[in-house]
Amino acid sequence: MQPKNDGTASAPSAQAVGRHACGYAIKKQLRDPGSYQFVDLTLDPNDASTGIQTFRAKNGFGGYTAGQASCTRVGDNTSAVLLTSN
């Protein structure tokens, strides 16, 4: 049985949009972008366009390590500043 389509689409949450946009910005800075794994995103409660994302990725020795990035979304552009990453 197909769900009823009443013509309204639910908008993606700020969390979901931030997760993917921030992840994309982080991947562009990694040594091995394909190794990126999302862990958590904490949005600023006063400004949902900024947050801290925790992720895992391969380091230069091939092992996985945790990292964090500060992400800011302005319009359609998201920038990520890596805070910790090996």
Side-chain angles (χ1 to χ4, degrees):
M1 176 180 251
Q2 294 287 334
K4 182 180 174 185
N5 183 356
D6 61 3
T8 60
S10 60
S13 70
Q15 184 84 11
V17 170
R19 171 182 173 175
H20 294 291
C22 186
Y24 178 76
I26 291 168
K27 286 179 194 179
K28 292 191 320 186
Q29 300 176 58
L30 295 177
R31 179 184 309 232
D32 181 358
S35 69
Y36 166 86
Q37 297 174 347
F38 172 81
V39 174
D40 186 46
L41 173 63
T42 304
L43 294 176
D44 183 332
N46 299 315
D47 182 4
S49 66
T50 63
I52 301 292
Q53 182 161 323
T54 304
F55 63 95
R56 290 173 37 84
K58 283 186 182 177
N59 62 20
F61 299 105
Y64 277 84
T65 187
Q68 286 192 318
S70 173
C71 297
T72 304
R73 183 179 175 121
V74 178
D76 290 337
N77 297 317
T78 299
S79 63
V81 176
L82 297 180
L83 302 174
T84 56
S85 179
N86 294 331

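In this text the structure is predicted, and so the values were computed from the model without any measurement.
- Between A21 and T78, the closest heavy-atom pair is CB-OG1, 3.2 Å.
- To the nearest 0.5 angstrom, Y36 atom OH is 12.5 Å from R56 atom CZ.
- Under a hydrophobic-cluster definition in which Ile, Leu, Val, Met, Phe, Trp and Tyr are linked whenever side-chain heavy atoms come within less than 4.5 Å, directly or via other members, F38 and L43 are assigned to the same cluster.
- Other residues, nucleotides and ligands place no more than 12 heavy atoms under 6.0 Å from the OH atom of Y24.
- The backbone N or O of Y64 lies less than 3.5 Å from no partner atom in the side chain of Q37, so there is not a single donor-acceptor pair.
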After noting the C-alpha distance and the side-chain angles of L30 and D32, does the key distance pass the side chain to side chain contact (heavy atoms under 4.5 Å, CB included) rule?
CA-CA 5 Å; L30 295 177; D32 181 358; 5.9 Å; no
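- A donor-acceptor pair is defined here as one N or O able to donate and one able to accept, closer than 3.5 Å; such a pair exists between the side chain of R73 and the backbone of G75.
- Going from atom CG of L82 over to atom CD of Q53 covers 10.5 Å, rounded to the nearest 0.5 Å.
- For L41 against G18, the heavy-atom pair with the smallest separation is CD2-C, 3.6 Å.
- When all heavy atoms of A80 and C22 are compared, the pair lying nearest together is CB-O, 4.4 Å.
- Between the OG atom of S79 and the NZ atom of K28 there is a distance of 9.5 Å, given to the nearest 0.5 Å.
- Atom-to-atom distance recorded for I52:CD1 and D44:CG is 9.0 Å, nearest 0.5 angstrom.
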